[in-house]
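In this text, all values refer to a predicted model and were calculated from it rather than measured experimentally.
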Amino acid sequence: MDFYLVALFCIAITLHNMEEALWLPKWSQQSSKFQKPVTSNEFHFAVIVITILAYLSAFYFYFMPASELAKWFFIGFIGSMIVNAIFPHLIATILLKRYAPGLLTGLFLNIPINSFIIVQMLQNNYITWTELILSTIAVGSLLLALIPLLFKVGGRIASSREQK
């Protein structure tokens with residue numbers, strides 16, 4: 001695995017998560033079936049943890065390319081970020097008729113960069129389509145389950161700081 005591919009993934013997810021961190025908490029305060037209201041503290045904590053996990057997945061695979069777990073973790077993150085650009089960002093923007101934060105970086109960074117990485121990995125026989133699909137489902141499900149927990153922890157950390 002070439003370092004530039006790892007770097008591209010990290011840059012794309014960082015810029016995407018920064019876009020969300022800037023605008024999603026305020027956007028979420030408007031009634032929507034796509035997003036429950038979330039405070040800045042809750043969201044910022046969650047997005048920092050998710051970004052760290054993304055970096056860990058990328059560097060774990062870069063330094064341990066023979067590890068099946070490392071490969072699945074990384075390609076699962078890549079696939080999840082492609083899916084994430086479509087649902088919820090693109091679907092929410094269309095159905096709500098207002099911009100969902102993360103759409104631009106999802107469509108113009110995450111999808112093209114992560115698709116490029118997938119093509120490179122497929123061409124070099126690092127992965128198969130089956131591995132990509134199964135790892136995307138596994139990692140995507142894990143991330144979806146983790147996000148509400150991270151929101152709760154972020155809210156509790158903010159509350160405990162306010163009480164001091």
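- For residues 42-71, the pairs satisfying salt bridge (charged side-chain N to carboxylate O under 4.0 Å, His left out) are Glu68-Lys71, Lys71-Glu131, with sequence neighbours left out.
- Remark: side-chain polar atoms of Trp27 are paired, donor with acceptor, to backbone N or O of Tyr99 under 3.5 angstrom.
- Tracing side-chain contacts under 4.5 Å through hydrophobic residues (I, L, V, M, F, W, Y), one never reaches Leu149 starting from Leu144; they form parts of separate clusters.
- Contacts classified as salt bridge (charged side-chain N to carboxylate O under 4.0 Å, His left out) and involving residues 135-157 (residues at least two apart or in different chains) are not found.
- Within the model, atoms CG of Asn124 and CG of Asp2 stand 7.5 Å from one another, a figure rounded to the nearest 0.5 Å.
- Through direct or relayed side-chain contacts under 4.5 Å between Ile, Leu, Val, Met, Phe, Trp and Tyr, Ile133 connects to Ile137.
- Apart from Leu22 itself, the hydrophobic cluster it occupies contains Trp23, where clustering links Ile, Leu, Val, Met, Phe, Trp and Tyr at side-chain heavy-atom distances under 4.5 Å.
- Screening residues 99-123 for salt bridge (charged side-chain N to carboxylate O under 4.0 Å, His left out) gives no qualifying pairs among residues at least two apart or on separate chains.
- Of all the heavy atoms in Ala158 and Asn41, the pair that sits closest is CB-ND2, 3.2 Å.
- With Ser40 contributing its side chain and Pro25 its backbone, the two residues share no donor-acceptor pair below 3.5 Å.
- Closest approach of Val6 and Ala58 over heavy atoms only: CG1-CB, 3.6 Å.
- A continuous path of Ile, Leu, Val, Met, Phe, Trp and Tyr side chains, each step under 4.5 Å between heavy atoms, connects Val47 with Val153, placing both in one hydrophobic cluster.
- Both Leu104 and Ile111 belong to a single network of hydrophobic side chains, linked directly or stepwise wherever heavy atoms of I, L, V, M, F, W or Y lie under 4.5 Å apart.
- In this structure, the separation between CG on Leu53 and CG on Leu143 is 7.0 Å, given to the nearest 0.5 Å.
- Among pairs with a residue in residues 106-120, none fulfils side-chain hydrogen bond (donor to acceptor under 3.5 Å, both in side chains), at least two apart in sequence or across chains.
- His89 places no side-chain N or O within 3.5 Å of a backbone atom of Gly106 that could act as its donor or acceptor partner.
- Residues Val119 and Tyr4 do not share a hydrophobic cluster, clusters being chains of Ile/Leu/Val/Met/Phe/Trp/Tyr side chains in contact below 4.5 Å.
- With hydrogens and angles disregarded, no donor-acceptor distance shorter than 3.5 Å links the side chain of Ser57 to the backbone of Phe77.
- Rounding to the nearest 0.5 Å places CD1 of Ile147 at 9.5 Å from CG of Leu142.
- Note that CD1 of Ile50 and CZ of Phe45 are 10.0 Å apart. Values are rounded to the nearest 0.5 Å.
- Atom CZ in Phe73 sits 6.5 Å away from atom CG in Leu56 (nearest 0.5 Å).
- Leu95 and Val83 are not part of a single hydrophobic cluster, where members link through side-chain heavy atoms under 4.5 Å apart.
- Nearest approach of Ile75 to Ser135, heavy atoms of both residues: CG1-OG, 3.1 Å.
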Return all side-chain donor-acceptor pairs below 3.5 angstrom for residues 7-15, not counting sequence neighbours, or 'none' if the list is empty.
{"unit_1": "Thr14", "atom_1": "OG1", "unit_2": "Cys10", "atom_2": "O", "d": "2.6"}
{"unit_1": "Thr14", "atom_1": "OG1", "unit_2": "Tyr55", "atom_2": "OH", "d": "2.6"}

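- Proximity of a side-chain donor or acceptor of His16 to a complementary backbone N or O of Thr105 within less than 3.5 Å is not detected.
- Heavy-atom minimum distance, Ala46 versus Leu150: CB-CB, 3.6 Å.
- Counting side-chain heavy-atom gaps under 4.5 Å among Ile, Leu, Val, Met, Phe, Trp and Tyr, the cluster of Leu134 also holds Trp72.
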What verdict does the side chain to side chain contact (heavy atoms under 4.5 Å, CB included) test give for Leu90 and Ile94, after you've listed the backbone C-alpha separation in whole Å, the side-chain angles of each residue and the deciding distance to 0.1 Å?
CA-CA 6 Å; Leu90 179 60; Ile94 292 168; 3.9 Å; yes

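- Minimum interatomic distance between His44 and Ala21 (heavy atoms only, all atoms of both residues): NE2-O, 2.9 Å.
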Trace of the side chain to side chain contact (heavy atoms under 4.5 Å, CB included) decision for Leu5 with Tyr62:
CA-CA 9 Å; Leu5 296 174; Tyr62 178 73; over 6 Å; no

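- Pairs passing the salt bridge (charged side-chain N to carboxylate O under 4.0 Å, His left out) check and including a residue from residues 9-20, sequence neighbours excluded, do not occur.
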Candidate pair Ile117 and Met1, rule side chain to side chain contact (heavy atoms under 4.5 Å, CB included), full reasoning
CA-CA 10 Å; Ile117 294 169; Met1 175 64 127; 4.1 Å; yes

Audit row: Phe59, Phe74, side chain to side chain contact (heavy atoms under 4.5 Å, CB included) steps and yes/no:
CA-CA 9 Å; Phe59 286 102; Phe74 181 55; over 6 Å; no

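- Legend: residues meeting ring-ring contact (aromatic ring centres under 6.0 Å, His included) with Tyr126, ordered by chain and number and at least two apart, are absent.
- Annotation: the span from Met121 atom CE to Phe61 atom CZ amounts to 4.0 Å, rounded to 0.5 Å.
- For Leu69, the side-chain contact (heavy atoms from CB on, under 4.5 Å) partners two or more places apart in sequence, or in a different chain, are Tyr60, Ser67.
- Partners of Ile48 by side-chain contact (heavy atoms from CB on, under 4.5 Å), not counting sequence neighbours, listed by chain and number: Ile52.
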